[in-house]
Amino acid sequence: MILYPAIDLKDGNAVRLLHGDMDKETVFNENPAAQALEFVEAGCEWLHLVDLNGAFAGIPINATPVEEILKQTNVPAQLGGGIRDMATIERWISKGLSRVILGTVAVENPDLVREAAKEFPGKVAVGIDARNGKVATKGWAEETDVDVIDLAKSFEDDGVCAIIYTDILRDGAMKGPNVEATAALAKSVSIPVIASGGVSSVEDLKALKNCGAELNGAISGRALYDGAIDLGEALKVLKA
């Protein structure tokens with residue numbers, strides 16, 4: 001399993017939100033590129049970036065800090081938030097991004113996901129953000145009646161390289177991930193699944209690793225910033 005440290009970008013800063021609420025932020029670093037370097041130097045092999053402003057606006061807003069992270073680090077990075085057309089996908093990949101994460105458009109324009117996955121093999125992931133088993137879009141502000149597993153299955157044969165599954169009610173709350181729902185999703189599709197939301201201890205990482213389904217990795221944010229997860233220990237656990 002891969003540990004993906006999360007760098008959530010809001011107004012140019014690295015922040016964490018509680019339950020995805022833009023009014024409940026904690027600023028952890030005013031220099032996101034420096035934060036990214038810190039994670040890489042500690043041994044992380046991937047970075048998970050989110051343009052929070054972009055997720056609400058529907059267009060990239062924090063492009064400058066993302067580009068700076070890509071320039072200053074030498075590990076692959078994935079980015080979500082505000083990526084909703086082919087031109088934006090092409091632009092990010094041309095700038096060295098290893099993987100784009102398509103969330104809102106996976107619900108509203110699934111054909112774009114399929115087209116992008118065909119055009120850029122291995123570089124298109126689907127972000128499924130859920131509240132009580134139903135998918136939420138537009139920075140989690142809008143709820144749908146779309147079922148998580150149904151959405152994931154709809155991309156089964158389309159070349160999507162990963163599904164990032166976030167339980168919104170666990171995100172930033174330091175209460176542990178939804179292991180049961182994550183495992184159920186991973187068992188239902190052949191697409192690699194990355195767990196997100198609530199990963200707040202090494203024990204959480206162990207639980208995900210031993211959930212009965214093979215996960216690609218886990219994303220953690222607040223726990224790494226707060227020191228609740230020791231990065232070195234976490235990397236050893238996931239590689240064991």
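Quick note: residue numbers are just sequence positions, from 1.
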Query - Contact check, side chains of Val126 and Ile164, non-hydrogen atoms, under 4.5 Å - result: no
**Report entry** Stepwise side chain to side chain donor-acceptor pair (under 3.5 Å) check, Asn53 with Asp11
**Finding:** CA-CA 7 Å; Asn53 302 101; Asp11 305 330; 3.2 Å; yes
**Report entry** Shortest non-hydrogen contact between Ala125 and Val160, atoms and distance
**Finding:** CA-CG1, 4.1 Å
Query raised in the report: Would you say Arg84's side chain and Ala55's backbone share a donor-acceptor pair under 3.5 angstrom?
Result: yes
Report task. Measure across Ala136 and Arg131 and return the closest heavy-atom pair with its distance rounded to 0.1 Å. Result -> CB-NH1, 4.1 Å
**Report entry** NZ-OG distance between Lys153 and Ser190, expressed to the nearest 0.5 angstrom
**Finding:** 11.0 Å
Query raised in the report: If only atom types and distance count, is the side chain of Asn62 paired as donor or acceptor with the main-chain N or O of Pro65 below 3.5 Å?
Result: no
Query raised in the report: Considering all heavy atoms of both residues, which atom of Ser188 and which atom of Ile149 are nearest to each other, and what is their separation?
Result: OG-CG2, 3.5 Å
Report task. Could you check if a side-chain atom of Ile101 sits within less than 4.5 angstrom of a side-chain atom of Ile83, using non-hydrogen atoms only? Result -> no
Requested in this report: Output the distance between atom CG (Asp129) and atom OG1 (Thr137), rounded to the nearest 0.5 Å.
Outcome: 9.0 Å
Report task. For residues Pro76 and Arg99, determine if any side-chain heavy atom of one lies less than 4.5 Å from a side-chain heavy atom of the other. Result -> no
Going by atom type alone, with no hydrogens or angles, which donor-acceptor pairs under 3.5 Å involve a side-chain atom of residues 230-240 and a protein atom two or more places apart or on another chain?
{"residue": "Asp230", "atom": "OD2", "partner": "Gly232", "partner atom": "N", "Å": "3.3"}
{"residue": "Asp230", "atom": "OD2", "partner": "Glu233", "partner atom": "N", "Å": "2.8"}
{"residue": "Lys239", "atom": "NZ", "partner": "Glu45", "partner atom": "OE2", "Å": "2.9"}

Report summary line: The residue among Val179, Ile229, Leu3 that forms side-chain contact (heavy atoms from CB on, under 4.5 Å) with Val199 is Ile229
Query - NZ/Lys134: more than 12 non-hydrogen atoms of other groups inside 6.0 Å - result: yes
Query raised in the report: Would you call Gln78 and Leu47 a side-chain contact if the rule is heavy atoms closer than 4.5 Å?
Result: no
Report task. List the atom of Ala106, the atom of Val113, and the distance in Å for their closest heavy-atom pair. Result -> CA-CG2, 3.8 Å
Query raised in the report: Are Val100 and Lys123 close enough that some pair of their side-chain heavy atoms sits under 4.5 Å apart?
Result: no
Report task. May I ask you to check whether Ser200 and Asp204 show a side-chain donor-acceptor distance below 3.5 Å? Result -> yes
Show which side-chain atoms of residues 88-95 pair as donor or acceptor with protein atoms under 3.5 Å away, not counting sequence neighbours.
{"residue": "Thr88", "atom": "OG1", "partner": "Asp85", "partner atom": "OD1", "Å": "2.7"}
{"residue": "Ser94", "atom": "OG", "partner": "Glu90", "partner atom": "O", "Å": "3.4"}
{"residue": "Ser94", "atom": "OG", "partner": "Arg91", "partner atom": "O", "Å": "2.7"}

Query raised in the report: Can you check whether Ile219's main-chain N or O pairs, donor with acceptor, with Ser196's side chain at less than 3.5 Å?
Result: no
Requested in this report: Indicate the atoms forming the closest heavy-atom contact of Ala130 with Val148, along with that distance.
Outcome: CB-CG2, 3.3 Å
Requested in this report: Could you tell me which residues satisfy ring pair (Phe, Tyr, Trp, His ring centres under 6.0 Å) with Phe39, sequence neighbours excluded, listed by chain and number?
Outcome: Tyr225
Query raised in the report: Should we say atom CD of Glu30 is surrounded by more than 12 heavy atoms from elsewhere, each under 6.0 Å from it?
Result: no
Query - Heavy-atom side-chain contact between Val50 and Leu9 under 4.5 Å - result: no
Query raised in the report: Which value, rounded to the nearest 0.5 Å, describes the distance between Ser201 atom OG and Lys175 atom NZ?
Result: 14.5 Å
Query raised in the report: Within the distance-only criterion (no hydrogens, no angle test), does the side chain of Thr73 pair as donor or acceptor with the backbone N or O of Ala36 below 3.5 angstrom?
Result: no
Query - Asn31 (side chain) donor-acceptor with Ala33 (main chain) under 3.5 angstrom - result: yes
**Report entry** Within-4.5 Å side-chain heavy-atom neighbours: Ser154 and Arg114
**Finding:** yes
Report summary line: The reported gap from CD1 in Ile191 to CD in Glu156 (rounded to nearest 0.5 angstrom) is 5.0 Å
**Report entry** Side chain Asp51, main chain Pro60, donor-acceptor under 3.5 Å
**Finding:** no
Query raised in the report: Does any N or O in the side chain of Asn29 come within less than 3.5 Å of the main-chain N or O of Pro32, such that one atom is a donor and the other an acceptor?
Result: no
Query raised in the report: Just how far is it from atom CZ of Phe56 to atom OG1 of Thr104, taken to the nearest 0.5 Å?
Result: 10.0 Å
Requested in this report: For the pair Arg16 and Glu25, find out whether any cationic side-chain nitrogen is under 4.0 Å from an anionic carboxylate oxygen.
Outcome: no
Requested in this report: Answer yes or no: is there a side-chain heavy-atom contact under 4.5 Å between Trp46 and Ser98?
Outcome: yes
Query raised in the report: Out of curiosity, Ile163 CD1 to Phe155 CZ, how far, rounded to the nearest 0.5 Å?
Result: 8.5 Å
**Report entry** Closest non-hydrogen atom pair, Ala14 against Ile7
**Finding:** CB-CG2, 4.0 Å
